[in-house]
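For reference, positions follow the sequence shown, starting with 1.
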Amino acid sequence: MSTLHWRILWRHGSRHGLYTAFWPSIRADSYVVITVAEASIPESPSFVMPVDRFIGAARHMVATNIAPFPGGVKFSVHWDTLIPSGDFPYLDIWTDITLFDASEPSFWLVSDRESARFEESHPSVGTLPGQH
């Protein structure tokens, strides 16, 4: 499997919302990255993709707490407002979900909370050099 992507438009998404995307290719041990941006949706009932993604008055948009499960992924989306008078509890947003190729899994068990050293020739699964 190669790296795969899906773009999802969430209409009237919640500023502190919990989202679920169902995707059969995702497993509990999948490597998933999610990005988020504001969406500009034309008034026309039929529009051509892709619709614009932009940075507006809602700033610091982030997808957090990304938790893959068999058949999908759950995550939170949060944003702040740029101007004190602006309040955007609901916006149209895009999320881009990237599922990385699971044939090359890599992770380290790290006991030192402040550092991790990765080398080009590291094993795909293991502990940091010097740990046994």
Side-chain angles (χ1 to χ4, degrees):
M1 172 184 90
S2 62
T3 301
L4 303 172
H5 310 277
W6 277 101
R7 179 167 291 157
I8 301 173
L9 172 63
W10 306 87
R11 299 298 310 263
H12 310 290
S14 174
R15 174 179 18 207
H16 298 291
L18 179 62
Y19 296 80
T20 304
F22 295 96
W23 186 357
S25 298
I26 296 177
R27 305 181 325 217
D29 62 349
S30 291
Y31 291 92
V32 178
V33 172
I34 301 174
T35 61
V36 61
E38 287 185 66
S40 175
I41 309 298
E43 295 296 322
S44 169
S46 61
F47 52 85
V48 178
M49 297 292 282
V51 174
D52 287 340
R53 292 171 289 161
F54 67 97
I55 299 173
R59 294 290 174 97
H60 312 292
M61 296 187 100
V62 292
T64 62
N65 302 343
I66 299 166
F69 61 88
V73 61
K74 286 188 177 213
F75 57 96
S76 300
V77 171
H78 306 278
W79 63 80
D80 291 324
T81 59
L82 180 62
I83 52 177
S85 62
D87 184 23
F88 309 105
Y90 300 96
L91 290 172
D92 295 331
I93 59 174
W94 282 110
T95 55
D96 291 343
I97 301 175
T98 302
L99 174 61
F100 289 92
D101 188 344
S103 68
E104 297 182 19
S106 297
F107 72 89
W108 289 97
L109 301 176
V110 179
S111 62
D112 181 347
R113 298 182 315 181
E114 297 176 3
S115 65
R117 177 180 27 220
F118 300 93
E119 299 176 11
E120 292 297 322
S121 61
H122 71 278
S124 62
V125 178
T127 57
L128 288 173
Q131 295 181 339
H132 302 291

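- At least one donor-acceptor pair under 3.5 Å links the side chain of D92 to the backbone N or O of H12.
- Contact check for W23 versus V73: no side-chain heavy atoms found under the 4.5 Å cut-off.
- A distance of 11.5 Å separates CZ of R11 from CD1 of I93, quoted to the nearest 0.5 Å.
- Applying the side-chain contact (heavy atoms from CB on, under 4.5 Å) rule to T20 yields the partners F22, F69, K74; only residues at least two apart in sequence or on another chain are considered.
- Contact detail for V36 and A63: the closest heavy-atom pair is CG1-N, 3.9 Å.
- I34 places none of its side-chain heavy atoms less than 4.5 Å from the side chain of Y19.
- Taken to the nearest 0.5 Å, the CG atom of L91 stands 11.5 Å off from the OG atom of S40.
- Contact record, H16 with H78: ND1-ND1, 3.0 Å, taken as the closest heavy-atom pair.
- Residue L9 holds its CG atom at 4.5 Å from CH2 of W94, rounded to the nearest 0.5 Å.
- Connection of I66 to V62 is not established within any shared hydrophobic cluster, with ILVMFWY side chains joined at heavy-atom distances below 4.5 Å, either directly or through further cluster members.
- The minimum heavy-atom distance between A21 and I97, with the atom names listed, is CB-CD1, 3.7 Å.
- Linking ILVMFWY side-chain heavy atoms closer than 4.5 Å, directly or via other members, places Y90 and I8 in two distinct hydrophobic clusters.
- The distance from atom CZ of R15 to atom CG of D80, rounded to the nearest 0.5 Å, is 7.5 Å.
- Closest approach of P68 to I26, counting heavy atoms only: CB-CG2, 3.8 Å.
- A 6.0 Å sphere centred on CG of L18 holds more than 12 heavy atoms belonging to other residues, nucleotides or ligands.
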Derivation of the ring pair (Phe, Tyr, Trp, His ring centres under 6.0 Å) call for W79 and F88: CA-CA 9 Å; W79 63 80; F88 309 105; 8.4 Å; no

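- In this structure, the side-chain contact (heavy atoms from CB on, under 4.5 Å) partners of H5, at least two apart in sequence or on a different chain, are T3, T98.
- For D29, the side-chain hydrogen bond (donor to acceptor under 3.5 Å, both in side chains) partners at least two apart in sequence or on another chain are R27.
- For the pair D96 and R7, the salt-bridge criterion is met [side-chain N within less than 4.0 Å of a carboxylate O].
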